[in-house]
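Counting begins at 1 with the first residue of the sequence. As the structure lists them, so they are numbered: ligands from 1, and atoms in each ligand from 1. Basis for what follows: all heavy atoms, side chains included, without hydrogens, waters or symmetry-related copies. Source: prediction; values computed, not measured.
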Amino acid sequence: MTHPDGNATIPADPDSPGIGAGGLVLDEPLLWERGRYGRSAVDLPPSGVPHRPLTGPRAGDGPDWPDLSELEVVRHYTRLSTWNFGVDTGMYPLGSCTMKYNPKINETVAALAGFAAAHPLLPDDACQGALAVIYETEKLLAAVSGLAAVSLQPAAGAHGELCGMLMIATYHRHHNTGKTVVLIPDTAHGTNPATAAMCGFTEVKVPVGPDGRMEPETVRRLLDDSVAGIMVTNPNTLGIFESHLPEISRMIHDAGGLVYADGANLNAVMGRVDMGKMGVDVLHFNLHKSMSTPHGGGGPGSGPVAVAESLVPYLPGPRIVHEDGRYRRVDGSALSIGRLHPFYGQFGIFLRAFAYLLSVGNRLRDVSGLAVLNANYLRARLREAYDLPFDTDCMHEVVFTDAKQRGSKVTTLDIAKRLIDLGYHPPTIYFPLVVGGALMIEPTETECKEELDGFVEAMLAIAREAESDPDSLHRAPVLTKVGRLDETLAARKPKLTGD
Ligand SMILES: *Cc1c(COP(=O)(O)O)cnc(C)c1O
């Protein structure tokens, strides 16, 4: 911070309300506004050399950092953290994201010093426990998927897709098939077509049928010699189970193609559905969704892939093998797509997923059962008030639209913003793209009935307000520090400093 007699300091604002302005919901000035020249967190001894200002072409470049005490900095960031909303604060029904509770036992396991302090370059003999965790987690995930082998390397769902589709591309190159087309239903997650394109494939869209499912007839029409495979999100982004997948898989295999399943929605079917028996050749998991590892704030995520026997040689290396009671790392096979991540992937996340899988045990089917029950409960209670574009039993999430409110000029965005005033994080909005004005709600299995009822009451109150006072909804939210934002401007011209 520049000395008050210098030229660049920011003056204290006498009109700034200061802390305590809103009861214990504290206002928070920028650090630049709080800072006072000469304040610091540490007392350094007086300098023994003469003071010389920096000179040269870059002198004076860079931010004029504020001067603050340690306590001011700690309070600033602690207060900001209380403005945050997360699964530990309240229900977070963000469809497609599976924002379920992360049990704290997972954190305890991940923090054990023998794991947390292990160096990834330790020789195998010195990290048998860590290698065992990787090996056993792979085995458990293989059992959940019904597939032959798993690699934990990919660091996110989309990274798992990249891994899976690279394996499919390498498989076709190795077999000289010349196939270049990947079929992708219009209910697939948006990352699917992006991944296919990154791996050099051309996407052909499969329009879904009237009940939101892919139909074998449609796939048959699109199948020809150029089809390298299909990417299916199952359950799909409408929260509907692709019940024709076994037949579709057979058709794809008969045509020499492979089946990729996006398993990010495994939450709905784990413990119940054998993806191997459905004809899936590659599947990715989202540990940060299905297996209750932390999610949000940019990660770290983890997107392991499971493969059928035919693709095992293509898995990324290194792999862990278990022989004569010892765990050992070995390089990938000669056909391997290579390495996708330094070392083994997000090891701290594997520990959390491993702890979760062991603590849930063979009751995994209860997890998916409750996830589906909760979503269907919301569907049943909200179907009078909100339009349901695909009126069929849903899986772990349910998609409504704003069609019933559009007559009074109330949109999905208005509904989402008012939910914030009522204490609920909004669901995913305007996705999936196959329905206009989508409200995609995923309660997850970790919410109890009272919490679901509270959310339902909030949604019903908004539907009533849309009829009685639609204009007021356009102004929501009103109880937040900032109201309706210009989201385009915020994305295009973010203001990140106090200048
Ligand atoms: C979340 C999700 C992804 C992407 O996962 P990331 O970890 O965010 O990369 C892919 N497909 C589906 C169906 C998803 O829900």
| How are the rings of His341 and His159 set to each other: parallel, tilted or perpendicular (split at 30° and 60°)? | tilted

| task | Check side-chain hydrogen bond (donor to acceptor under 3.5 Å, both in side chains) between Glu217 and all other residues, then give those that pass, not counting sequence neighbours. | result | Arg220

| message | Checking Phe85 now: which residues fulfil ring-ring contact (aromatic ring centres under 6.0 Å, His included) with it, not counting sequence neighbours? | response | Tyr92, His425

| task | Take atom CG of Asp274 as the centre, draw a 6.0 Å sphere, and report whether it contains more than 12 heavy atoms from other residues, nucleotides or ligands. | result | yes

| said: Holding to side-chain hydrogen bond (donor to acceptor under 3.5 Å, both in side chains), I want the full list of residues that pass it with Glu242, two or more places apart in sequence or in another chain. | reply: Asn236

| Of all heavy-atom pairs between Pro235 and Ala268, which one has the smallest distance, and what is that distance? | CG-CB, 3.7 Å

| said: If the criterion is any heavy atom closer than 4.0 Å to an atom of ligand 1, which residues make the list? | reply: Ser96, Ala156, Gly157, Ala158, Glu161, His189, Thr191, Thr233, Asp262, Ala264, Asn265, Asn286, His288, Lys289

